[in-house]
Amino acid sequence: MTVDAIKKQYPIRIKVSLALDGWTSTNKLVIQSVIPYYMDRNWALLEFQLAFDEVDRLFSSRFES
C-alpha cells in the first residue's frame with residue numbers, strides 16, 4: 001500500500017494510536033509489525049497492519065529469553 005492510499009483510509013482529523021508487535025515464528029524468524037488503531041464515529045475499534053518485517057537476527061537475539 002502506498003502512503004497516499006493509507007491516508008485515504010482515515011477520516012480527517014482522527015487520532016491514531018500506534019502499536020508495535022513482535023514475535024518469533026516456529027522456524028526462528030523474528031517478526032515485527034506496526035499497527036495503527038483508531039475509533040470510528042460509531043465507536044468501533046478499527047486497525048490495520050501498516051508494516052511487517054523480519055528483524056535482523058543479530059539485533060533481536062539480545063532480547064530473547
Practice item. Would you kindly confirm whether V16 and L45 end up in one hydrophobic cluster when ILVMFWY residues are joined by side chain heavy atoms under 4.5 Å apart? Key: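 V16 does not cluster with L45.
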Point to revise | Approximate separation, where rounding is to 0.5 Å, of L20 CG and Q32 CD | key: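 Output value for this atom pair is 5.5 Å.
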Point to revise | Worked verdict on I35 versus L18 for side-chain contact (heavy atoms from CB on, under 4.5 Å) | key: CA-CA 6 Å; I35 305 167; L18 291 177; over 6 Å; no
Review point. Got a sec, which residues hit side-chain hydrogen bond (donor to acceptor under 3.5 Å, both in side chains) with N27, two or more places apart in sequence or on another chain?
Key: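 Partners of N27 under the side-chain hydrogen bond (donor to acceptor under 3.5 Å, both in side chains) test: S25.
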**Study point:** Pairing residues for W43 by the side chain to side chain contact (heavy atoms under 4.5 Å, CB included) criterion, not counting sequence neighbours
**Key:**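 Per chain and number, W43 pairs via side chain to side chain contact (heavy atoms under 4.5 Å, CB included) with M39.
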Exercise for review: Not counting sequence neighbours, which residues clear side chain to side chain contact (heavy atoms under 4.5 Å, CB included) with L46? List them please.
Suggested key: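 Applying side chain to side chain contact (heavy atoms under 4.5 Å, CB included) to L46 gives Y38, D40.
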Exercise for review: Identify the heavy atoms of F48 and P36 that sit nearest to each other, and give their distance.
Suggested key: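 Scanning both residues completely, I find the closest heavy atoms to be O-CD, 2.9 Å.
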